[in-house]
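Working notes for the structure below.
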Amino acid sequence: MNPVIEALKFRHACKKFDPKKKISRQDLDTILEAAWLSPTSFGMEGWKFLVLASDDIRQTLRPACWDQPQVTDSSHVVVILAQPALIDPSNEYVQNSFLRRKLPEDMTRAYVEKYKSHMEKEVFPRMSAYAWCSKQCYIALANMMTVAASMGIDSCPMEGFEKDRVEALLEIDTGKFEVAVLVAFGYREGDQTLRLRHPVGQMVEFR
Ligand SMILES: Cc1cc2nc3c(=O)[nH]c(=O)nc-3n(C[C@H](O)[C@H](O)[C@H](O)COP(=O)(O)O)c2cc1C
């Protein structure tokens with residue numbers, strides 16, 4: 001079987017983690033490398049990954065996450081933060097991001113203009129900068145879960161949390177960062193939930 005498909009078949013939203021099993025630092029670094037290697041629109045990297053290893057912090061956080069046991073029973077929780085202010089077209093960070101490409105000056109200027117016009121005409125009329133950054137965060141989320149699965153590590157993505165409360169508990173500087181999504185990593189314990197999918201033919205259309 002294709003090894004990526006194999007990993008995707010192993011992955012499920014793990015509801016029951018073994019609280020005794022911890023992920024090694026090496027494996028955790030591999031999971032975070034998958035996040036780092038993930039693509040972002042225009043290469044803006046408007047994200048940050050906050051790793052919660054501490055049992056105490058996760059215990060404090062759990063009530064703000066629908067009291068989900070995954071928060072405390074997993075090995076680590078990664079809080080994926082969006083950085084909406086960073087990707088604002090007026091921010092110097094945007095130009096500096098394009099400068100990294102070491103292109104001729106007029107091409108860099110053209111990129112900055114293209115970005116500005118795309119954000120103003122196509123993105124911001126439809127969604128907030130937070131939503132746009134969060135979309136990118138979810139790509140990293142998926143890659144992290146897949147690489148974790150390829151190493152026999154389970155995960156549970158979590159949108160079941162109170163954003164304002166989580167940000168307050170983690171003392172997030174909300175002028176810079178906002179929580180996009182959480183993901184717990186660890187090792188499954190016992191029987192897990194059934195995989196439910198509508199038939200693939202219902203989901204795909206060729207033209
Ligand atoms: C963005 C996102 C947020 C989710 N939030 C939660 C959550 O808060 N708690 C939970 O138990 N499962 C959560 N799930 C898991 C889904 O319920 C699960 O992925 C879906 O039912 C399909 O099951 P499977 O992942 O086991 O194939 C979330 C999934 C995604 C993609």
Side-chain angles (χ1 to χ4, degrees), residues 1-19 21 23 31-32 34-35 37-41 46-52 55 57-84 126-170 172 177-204:
M1 198 194 300
N2 174 292
V4 180
I5 294 293
E6 206 173 327
L8 291 172
K9 286 193 169 171
F10 173 86
R11 189 215 63 78
H12 70 296
C14 183
K15 313 283 178 183
K16 205 160 179 285
F17 286 95
D18 182 343
K21 286 197 185 159
I23 300 171
I31 292 171
L32 293 166
L37 290 170
S38 298
T40 49
S41 185
W47 54 27
K48 186 171 173 171
F49 301 85
L50 181 61
V51 182
L52 307 182
D55 289 344
I57 292 179
R58 290 185 294 127
Q59 198 70 53
T60 309
L61 199 64
R62 182 168 154 173
C65 303
W66 299 0
D67 197 34
Q68 297 190 69
Q70 300 93 306
V71 176
T72 46
D73 294 349
S74 59
S75 168
H76 293 77
V77 169
V78 179
V79 181
I80 309 184
L81 300 166
Q83 294 203 61
R126 295 185 177 89
M127 75 191 82
S128 65
Y130 163 70
W132 188 75
C133 286
S134 295
K135 289 208 289 180
Q136 331 290 321
C137 289
Y138 280 63
I139 299 172
L141 165 72
N143 285 338
M144 290 165 89
M145 294 193 298
T146 305
V147 87
S150 76
M151 299 186 292
I153 295 172
D154 291 295
S155 59
C156 186
M158 284 180 289
E159 274 190 338
F161 61 88
E162 295 164 56
K163 180 174 173 287
D164 293 347
R165 215 171 144 198
V166 167
E167 287 169 350
L169 286 168
L170 294 175
I172 303 291
F177 306 101
E178 289 184 60
V179 177
V181 64
L182 269 55
V183 53
F185 292 103
Y187 294 92
R188 67 186 71 181
E189 184 178 65
D191 291 341
Q192 299 288 323
T193 46
L194 210 63
R195 186 191 306 280
L196 298 173
R197 291 293 185 271
H198 296 296
V200 72
Q202 225 169 286
M203 183 192 77
V204 181

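One-based numbering, in listed order, for ligands and for the atoms of each.
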### Task
Could you name the protein residues that come within less than 4.0 Å of ligand 1, counting only heavy atoms, and order them by chain and residue number?
R11, H12, A13, K15, Q68, Q70, Y138, C156, P157, M158, E159, G160, R195, R197
### Message
By the side-chain hydrogen bond (donor to acceptor under 3.5 Å, both in side chains) test, which pairs, at least two apart or in different chains, include something from residues 65-74?
### Response
R58-S74, R62-D67, R62-T72, Q68-Q70
#### Entry: Within 6.0 Å of NZ in K163, more than 12 heavy atoms from elsewhere
yes
### Task
Determine whether I80 and F49 make a side-chain contact, defined as any pair of heavy atoms from C-beta on separated by less than 4.5 Å.
yes
### Task
For F177, enumerate each residue passing the ring-ring contact (aromatic ring centres under 6.0 Å, His included) test, keeping only those at least two apart in sequence or located in another chain.
none
### Task
Could you give me the CA-CA distance, side-chain angles and deciding distance for R197 and M203, then say whether side-chain contact (heavy atoms from CB on, under 4.5 Å) is met?
CA-CA 10 Å; R197 291 293 185 271; M203 183 192 77; over 6 Å; no
### Query
Does R126 have any side-chain hydrogen bond (donor to acceptor under 3.5 Å, both in side chains) partners at least two apart in sequence or in another chain, and if so, which?
E122
